Amino acid sequence: MSTTASAPALYGGATGRRVSVRDILQAKERQERWPMLTAYDALTARVFDEAGIPVLLVGDSAAMVVYGYDSTLPVTVDDLLPLTAAVSRATKRALVVADLPFGSYQGSPEQALDAAARFMKEGHAQAVKLEGGHRVAHQVEALVAAGIPVMGHIGLTPQSVNTLGGYRVQGRGEEAGAALLADAKELERAGAFSVVLECVPSELAARVTEQLSIPTIGIGAGPDTDAQVLVWQDMAGLSPHVAKFVKAYADLNETLSTAARNFADEVVQGSFPDAEHSYR
Ligand code: KIV
């Protein structure tokens, strides 16, 4: 949590205002590493904001962790908008990034602009994220031209799980690695302010990070990206099944389960509520 004289550190540094995409780009120049988490509701967003997490992503992973689907495909703009608005309302410092869900941007730059504008106007997000490299370059250009900061996302792009043939590591081998690097450069050229690299070999992620002037954000991409992101329920040990790249920093599953059992036992025994938790 160190700060330099000229610029506050992204993680935990005081700004007295929201973190901006300019702050993010300056952190790359300082070679500063930073954390990003997902958030989908007001209470957890406030906790992460007060912990100094500089970027919160309202991910389409909400499809699984909030709505209970088995992929990100079914979730819609209307599903994600209220979650984004809640995260924006609950935070003061974090840059809030809204994920554009499957089917809301692939069709055309105009469609992308319509969806992104709703996340900015109704969700009060400060940026949006979309999946894909060269195939969405026109969408990125249109959004950036309209004043909407864009985070790219390449490698394992879960919205394309049906064409990728499953959730598997991407960019292995010379040809696939070169294609991924070209996609990253294309996103940078189109104006993206950062790019998520999901499930790619560490060595390739390091090469992409070195060759881009915008930050890379890794998830299953090894230690050499500029930033790291995790789905918060995975990070806190609430998700029942997690990928190899996930590290759980708490055991919320156990904590919540114990709390629920203790509550239930006391209700059954008649010891809750006691006098302390009752009105006279
Ligand atoms: O939707 C999401 O949570 C994401 C992150 C895992 C990067 O896209």
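If you're wondering where the values come from, they're calculated on a predicted model, not measured in any experiment. In listed order, ligands and their atoms are each counted from 1.
- Polar contact with ligand 1: present for Asp99 (N/O pair, distance under 3.5 Å).
- Between the side chain of Asp49 and the backbone N or O of Thr91 there is no donor-acceptor pair closer than 3.5 Å.
- Nearest protein heavy-atom contact of atom 3 (O) of ligand 1 is Ser61 OG, 2.5 Å.
- Between His277 and Phe272, the two ring planes are tilted [angle within 30° to 60°].
- Contact between Lys129 and ligand 1 is present, with at least one heavy atom of the residue lying under 4.0 Å from the ligand.
- Remark: minimum distance from atom 5 (C) of ligand 1 to any protein heavy atom is reached at Leu57 CD2, 3.7 Å.
- In Ile219, the part holding a heavy atom less than 4.0 Å from any atom of ligand 1 is the side chain.
- Each of Leu43 and Leu83 belongs to its own hydrophobic cluster when Ile, Leu, Val, Met, Phe, Trp and Tyr are linked at side-chain heavy-atom distances under 4.5 angstrom.
- Considering backbone and side-chain N/O atoms, Asp60 comes within less than 3.5 Å of an N/O atom of ligand 1.
- Around atom CZ of Phe263, no more than 12 heavy atoms belonging to other residues, nucleotides or ligands sit under 6.0 Å away.
- Of the heavy atoms in Leu230, none comes closer than 4.0 Å to ligand 1.
- Side-chain atoms of Glu122 do not come within 3.5 Å of backbone N or O of Thr84 as any donor-acceptor pair.
- The shortest N/O to N/O separation between Thr38 and ligand 1 does not fall below 3.5 Å.
- Taking every non-hydrogen atom of His153 and a distance limit under 4.0 Å, the qualifying atoms of ligand 1 come out as 8 (O).
- Under a 4.0 Å N-O distance rule, the pair Arg189/Glu141 qualifies as a salt bridge.
- Within a 6.0 Å radius of CZ in Arg17, more than 12 heavy atoms belonging to other residues, nucleotides or ligands are found.
- Ligand 1 places these atoms under 4.0 Å from at least one heavy atom of Gly59: 1 (O), 2 (C), 3 (O).
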